[in-house]
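Okay, structure first, notes after.
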Amino acid sequence: MKKFTKNILQITTGVCTMVTLCAGKAMALTVQEGAEAARADGMPENLVGVDGVFNRITNTALYVIGAISVAMLVWGGLRYIISGGDSKKITDAKNTILYALLGLIIAFFAYAIVNFVLNAINPTPEQNTETSVLLLNLFA
């Protein structure tokens, strides 16, 4: 009975995920229009795109995370050098280096995901035509 319930839950989750992805892709064509309508006086013109606000925020966050990661790598290296052969200190230094590298990798993946989503929301004219044809074929 537990296995049957688990399988039903997995199938339901998969179906809900597919419905959400398809609905999100269909609504992505109107997100820019909604952002345009919600803009008040004095707000930036471009929210997405090369000079957009979201792009500047993610670039700034990536620089800050990169600087912190490099600082932690240096700190872990110094801890490793001054450990004096103590196995506990060596392990702590290696963990500092490992977690700094993992943080840097996660930051790069987050940056790639954000850029992918922003390009899906505000595609170039060539991508927009391809997306429209894909959506028409999907829902026809």
Side-chain angles (χ1 to χ4, degrees):
M1 183 67 179
K2 280 185 174 183
K3 189 173 185 176
F4 177 74
T5 306
K6 183 179 178 182
N7 288 339
I8 294 296
L9 182 64
Q10 288 176 344
I11 290 170
T12 305
T13 303
V15 169
C16 290
T17 302
M18 289 303 297
V19 168
T20 302
L21 289 174
C22 290
K25 190 66 174 171
M27 291 171 35
L29 297 176
T30 61
V31 170
Q32 183 64 30
E33 295 169 3
E36 298 284 334
R39 185 176 39 248
D41 294 334
M43 288 183 69
E45 288 290 323
N46 295 331
L47 295 177
V48 293
V50 177
D51 295 329
V53 175
F54 293 126
N55 198 12
R56 282 188 267 157
I57 290 171
T58 55
N59 285 341
T60 304
L62 186 64
Y63 290 137
V64 169
I65 291 170
I68 291 171
S69 180
V70 168
M72 291 306 294
L73 283 170
V74 170
W75 175 247
L78 288 174
R79 287 178 65 187
Y80 188 78
I81 290 170
I82 61 173
S83 65
D86 185 8
S87 63
K88 171 78 171 119
K89 290 182 180 180
I90 291 173
T91 303
D92 290 342
K94 286 182 180 180
N95 284 341
T96 301
I97 294 170
L98 174 69
Y99 295 141
L101 289 174
L102 284 175
L104 192 60
I105 291 169
I106 290 171
F108 281 127
F109 279 125
Y111 180 74
I113 290 169
V114 167
N115 279 335
F116 176 76
V117 170
L118 290 178
N119 287 335
I121 290 173
N122 189 24
T124 61
E126 298 85 27
Q127 290 174 336
N128 196 8
T129 305
E130 292 172 10
T131 304
S132 299
V133 170
L134 178 67
L135 286 175
L136 288 174
N137 290 335
L138 182 65
F139 292 112

Pairs involving residues 61-76, ordered by first then second residue, that meet side-chain hydrogen bond (donor to acceptor under 3.5 Å, both in side chains) (sequence neighbours left out): none
With a 4.5 Å heavy-atom cut-off, do N59 and Y111 have their side chains touching? yes
Taking every heavy atom of I65 against every heavy atom of G103, the minimum-distance pair comes out as CG2-O, 4.3 Å
Salt bridge (Lys or Arg N to Asp or Glu O under 4.0 Å) against K88, all qualifying residues, sequence neighbours excluded: D92
Roughly how far, to the nearest 0.5 Å, is CD1 of I90 from CD1 of I81? 12.0 Å
State the OG1-CD distance between T13 and Q10, to the nearest 0.5 angstrom. 7.5 Å
To the closest 0.5 Å, what do you measure between CD1 (I68) and CG (L104)? 11.0 Å
Show the nearest heavy-atom pair for residues A100 and M72, with the distance to one decimal. CB-CB, 3.8 Å
Return the minimal non-hydrogen interatomic distance between G76 and A93, and the atom names on each side. O-CB, 3.5 Å
From T96 atom OG1 to L73 atom CG, the distance as rounded to the nearest 0.5 Å: 9.5 Å
